[in-house]
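Following: one structure in structure tokens, then a few remarks.
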Amino acid sequence: MALPSVVPAPASITSAGSAPFAVVGETPIVGDAEAARALRSLVETRTGLTLATRPADAGRSAARDGTEGAIVLEITGDGPADSYRLAATEASIVVSGADAAGLFYGVQTLGQLLSPAAFGWQVPAVTIDDAPRFGYRGVMLDVARHFHDVATVKAFIDRASALKFNALHLHLTDDQGWRLQLESRPLLTEKASATSVGGDPGGFYSHDDYREIIDYAGAHHMLVVPEIDLPGHTHAVTLAYPELSEEPVLSDHIREIVRDYGGALPVNGVAYDGMAVGFSSLKIRDEATYAFLADVLGEVARLTPGPYLHIGGDEALGTSAEDYDYFIGRVSRLAADLGKTPVAWHEAGTASDLDPTTVGQFWGYVEPIDGMDAKARGFTAIGSDRAKLILSPADAIYLDMKFDADSPLGLTWARGVTTARRAYEWDPAEVIDGVADEQILGVEAPLWTETVRTLADIDALAFPRAAAAAEAAWSPAVGASELRTWDSFATRVGALAPLWTSQGIGFTPLEGIDWVSEDATGTTTAATVDAGADA
Ligand code: TNX
């Protein structure tokens, strides 16, 4: 009998083969109030049933007696962080989280197990013991190239947390805009937030907006990782503090991008709405730059409860190698002195005086080229047992890569038009030679937004590939479990289509995945969808 479909694949799942648990209008949810609210809303969205919730004590005894047909949600306090057990029988469902996050993840799994039945809804009799492979499971949203409002960010948090992602990296600043209001440097959002790529409208988050995002993420067991991209990707600063910036470096590469994608060449003090990268730089040998960064990073650090502060460091092609080395050493130490763990893109691994606690984020290919792996090893070679890597291989899990050549959405620089299968078939431990498993903090799937304007655009690009990234971050290594194969994933992720549809997720039904559809009578069928796109 086929195992029920859960994504990301759990560490262990066994089918009892007995009768399913029936979910009907009278089924009570008993136990932990916060998780009960989350489950109630998930069940309501998926089934239209509004289940009653009851406090914990009554629930415990009901479940132990096995008489009441209840769904019991409890936090046990033992087991690895984020882990849970889900035991479903004909008589009851008990979801036990080691901690609140574990229980939340058990609830997400339960949501995926619901399917329509003649009598209402059912959950198969199954036992799942589940815990993540990596502690850091991230998604990134670029809110600089196109601004995305708080409601959109919350919707992205809903989607990501349901796949057991626990970090939301916000790329808050870039050449095209500065998206976080700072009391210490108000001119940044006053002067440099109004536009996005292509002349689209911009926007920014007030302190209250940013807090609202952090709180919403926290309620979904995600932490926010803010990025202030430095010392390149800083053209926006020229609109507010022109004295801090070098003149743009107009390389052949920049001229080529402008020729291919349109837009004007960057001019300091004028909003940039093109797609070129690597032309801007702060002044590296001017103390005013560091006074600015003490204000900016200090305020961002104070506003952010999470442990990480991302300082960028990518594609600083407008900065000399010597200046880059000096800058990264100094600014990584500034971030660490603010009490945060600095995070930087892999180029920063070359810096001779890098703060030893800095986490590196690798964005090269699954099979690295151009020495990008050597740069990434710079972080783990430092000798601090805190120095680790986050893997974001661009040709696998950059969610902004196109999988339909004819769609205006997405880019193709990371090895051309991509497939869901490419997002799936790689293992985090095999990307960078010489990096031990315990030096991998986790996996993050970035969504850059040069071509991405709306939530519908986000959905169309990120789904289903975000699910493949979730599996790299959460599930056992490729080959370590019978579920960790492309064929299994293609079946399991296809089975999520009715759930995603009920949640309003506008995924792209890529070919090669058995997308399930439910008709009005609750009969499910696997459909091979011809969307004109490859898996
Ligand atoms: C590369 S990879 C970038 C971004 C672009 C992205 C588009 C990296 C750290 N930086 O500046 O938005 O490609 O795919």
Side-chain angles (χ1 to χ4, degrees), residues 138-148 169-179 196-198 200 225 227-236 251 253-254 256-257 260-261 263 266 272-281 310-319 324 328 343-350 358-366 368-370 372-373 375-376 379 389-403 407-418 422-423 431 443-453 457-458 461-462 465 469:
V139 285
M140 189 204 83
L141 186 63
D142 169 8
V143 296
R145 270 52 175 275
H146 274 95
F147 180 67
H148 298 278
H169 169 181
L170 287 177
H171 184 77
L172 289 167
T173 66
D174 213 301
D175 293 314
Q176 295 84 352
W178 189 283
R179 308 302 183 192
S196 291
V197 166
D200 288 327
V225 180
E227 178 185 357
I228 305 296
D229 200 352
L230 305 164
H233 292 276
T234 47
H235 181 85
S251 63
H253 168 71
I254 306 287
E256 230 172 79
I257 303 272
D260 294 354
Y261 293 95
Y272 180 67
D273 67 3
M275 289 173 42
V277 294
F279 55 82
S280 54
S281 181
H310 202 308
I311 57 170
D314 59 317
E315 302 170 321
L317 308 175
T319 315
Y324 181 79
I328 294 293
V343 187
W345 297 103
H346 68 235
E347 290 96 318
T350 59
T358 308
V359 170
Q361 184 165 10
F362 174 78
W363 59 270
Y365 296 163
V366 165
I369 57 165
D370 297 339
M372 290 183 174
D373 50 337
K375 291 178 181 170
F379 293 89
L389 283 175
I390 295 168
L391 292 166
S392 301
D395 56 340
I397 57 167
Y398 262 34
L399 299 176
D400 63 312
M401 289 301 126
K402 262 188 207 299
F403 33 55
S407 163
L409 293 178
L411 305 175
T412 52
W413 66 264
R415 299 208 297 122
V417 175
T418 191
R422 217 206 269 175
V431 177
V443 170
E444 182 178 295
L447 180 59
W448 303 96
T449 60
E450 285 90 340
T451 63
V452 178
R453 293 175 176 81
D457 294 347
I458 292 175
L461 275 171
R465 282 189 306 151

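Read the numbers this way: they start at 1 and go in the same order the structure lists the ligands and their atoms. Computed from a predicted model, the values in this text were never measured in an experiment.
Under 3.5 Å, the side chains of Q361 and S392 contain a donor-acceptor pair of N or O atoms.
Under the ring pair (Phe, Tyr, Trp, His ring centres under 6.0 Å) criterion, H310 pairs with H169, W345, sequence neighbours left out. Legend: residues meeting salt bridge (charged side-chain N to carboxylate O under 4.0 Å, His left out) with D229, ordered by chain and number and at least two apart, are absent. Annotation: salt bridge (charged side-chain N to carboxylate O under 4.0 Å, His left out) contacts of E450 (sequence neighbours excluded): R145.
Sorted by chain and number, the residues within 4.0 Å of ligand 1 by heavy atom are R145, H233, V277, D314, E315, W345, W363, Y398, D400, M401, L411, W413, W448, E450.
Residues F379 and F362 keep their aromatic ring centres 6.0 Å or farther apart.
The two residues I458 and H148 have their closest heavy-atom pair at CD1-ND1, 4.0 Å.
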